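Residues take their numbers from the sequence shown, with the count starting at 1. Because only heavy atoms are used, hydrogens play no part in the values below, and waters and symmetry mates are left out as well, while side chains stay in. Note that the structure is predicted; figures quoted are calculated from it, not measured.
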Amino acid sequence: MNKCFIIVFFLLALSFQAFAKTYEVKMLNIGENGSTMVFEPGFLHIESGDSVTFVPASKGHWAKSLIVPDGVSQFEGKINEAMSVTFEKEGIYVYVCPPHQVMNMSGIIQVGRALNLNQAKEALPAIEHRAVTNKGRLNEYAKKIQE
């Protein structure tokens with residue numbers, strides 16, 4: 001009986017992995033609509049277990065998290081290198097390209113339910129305030145968050 005339980009549990013775990021998706025976020029100097037210093041897409045709503053690969057389609061970029069749910073480690077890539085992150089915990093993740101944060105090169109990933117929505121909403125004005133160009137971009141992405 002114990003052996004059957006272990007086998008069933010293992011098969012269930014594998015089946016959940018099979019349904020996980022991988023998304024791609026491009027880091028660009030100029031986006032499809034002509035906007036400058038942008039992540040495309042700038043907003044993603046994914047599920048727990050899904051992964052996002054940040055791809056430096058233009059040189060000089062990397063992604064760094066600023067806001068993550070409690071108990072989650074921050075992530076940060078390296079300049080001009082692709083980086084994949086698997087998102088296990090539900091919540092709002094806000095990230096930037098550090099050298100281009102002043103140009104509001106930022107994005108939001110919602111994983112499942114927006115469990116840390118208040119934390120994110122409190123932090124967004126300070127992030128937006130640092131932007132010299134592309135003001136309001138992060139606020140536009142935040143409007144897409146599903147509560």
Please find the pair of heavy atoms, one from [X] and one from [Y], that lie closest to each other, and give the distance.
{"X": "P69", "Y": "G91", "answer": "CG-CA, 3.8 Å"}
{"X": "V96", "Y": "S106", "answer": "CG1-CB, 3.9 Å"}
{"X": "A63", "Y": "M27", "answer": "N-SD, 3.9 Å"}
{"X": "N104", "Y": "A131", "answer": "CB-CB, 3.6 Å"}
{"X": "I127", "Y": "I67", "answer": "CD1-CD1, 4.0 Å"}

State, without any angle test, whether H100 and N29 hold a side-chain donor-acceptor pair at a distance under 3.5 Å.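 Side-chain D/A pair, H100 to N29: absent.
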Name all residues meeting the side chain to side chain donor-acceptor pair (under 3.5 Å) criterion together with [X]; count only those two or more places apart in sequence or in a different chain, and write none if there are none.
{"X": "T53", "value": "S84"}
{"X": "D50", "value": "none"}
{"X": "S51", "value": "T86"}

Can you list the residues that meet the ring-ring contact (aromatic ring centres under 6.0 Å, His included) rule with Y95, with sequence neighbours excluded? F39, F54
Sequence neighbours left out, what pairs pass salt bridge (Lys or Arg N to Asp or Glu O under 4.0 Å) with at least one residue falling in [range]?
{"range": "residues 112-126", "answer": "E90-R113, K121-E147"}
{"range": "residues 25-35", "answer": "none"}
{"range": "residues 132-142", "answer": "E140-K143"}
{"range": "residues 124-133", "answer": "none"}

Filter on ring-ring contact (aromatic ring centres under 6.0 Å, His included), then keep only pairs touching residues 127-147, sequence neighbours left out; what's left? none
For the [atom1] atom of [X] and the [atom2] atom of [Y], what is their distance to the nearest 0.5 Å?
{"X": "N139", "Y": "L124", "atom1": "CG", "atom2": "CG", "value": "6.0 Å"}
{"X": "L66", "Y": "Q101", "atom1": "CG", "atom2": "CD", "value": "5.5 Å"}
{"X": "M105", "Y": "S35", "atom1": "CE", "atom2": "OG", "value": "10.0 Å"}
{"X": "L28", "Y": "M37", "atom1": "CG", "atom2": "CE", "value": "10.0 Å"}

Using the side chain to side chain contact (heavy atoms under 4.5 Å, CB included) criterion, which residues pair with L44? Sequence neighbours excluded.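 Residues passing side chain to side chain contact (heavy atoms under 4.5 Å, CB included) with L44: Y23, V25, P41, I46, V52, I109.
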Residues that A114 engages under side chain to side chain contact (heavy atoms under 4.5 Å, CB included), provided they are two or more places apart: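 By the side chain to side chain contact (heavy atoms under 4.5 Å, CB included) rule, A114 matches I92, Q110, L117, I145.
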For atom NZ of K89, decide whether the heavy atoms of other residues, nucleotides or ligands shown that lie under 6.0 angstrom number more than 12.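 It does: K89 NZ has more than 12 such atoms within range.
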Kindly say whether V111 contributes a backbone atom to a donor-acceptor pair with the side chain of H45 at under 3.5 angstrom?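 No; judged by distance alone, with no hydrogens or angles, the pair does not exist.
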Check residues 74-82 and write down every donor-acceptor pair under 3.5 Å in which the side-chain atom is one partner and the other belongs to a residue at least two apart or another chain.
residue: Q74; atom: OE1; partner: S65; partner atom: OG; Å: 2.5
residue: E76; atom: OE2; partner: W62; partner atom: NE1; Å: 3.0
residue: N80; atom: OD1; partner: G60; partner atom: N; Å: 2.5

Just so I know, are the side chains of V85 and Y93 near enough to count as touching, which here means a heavy-atom distance under 4.5 Å?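 Heavy-atom side-chain distance check fails, nothing below 4.5 Å.
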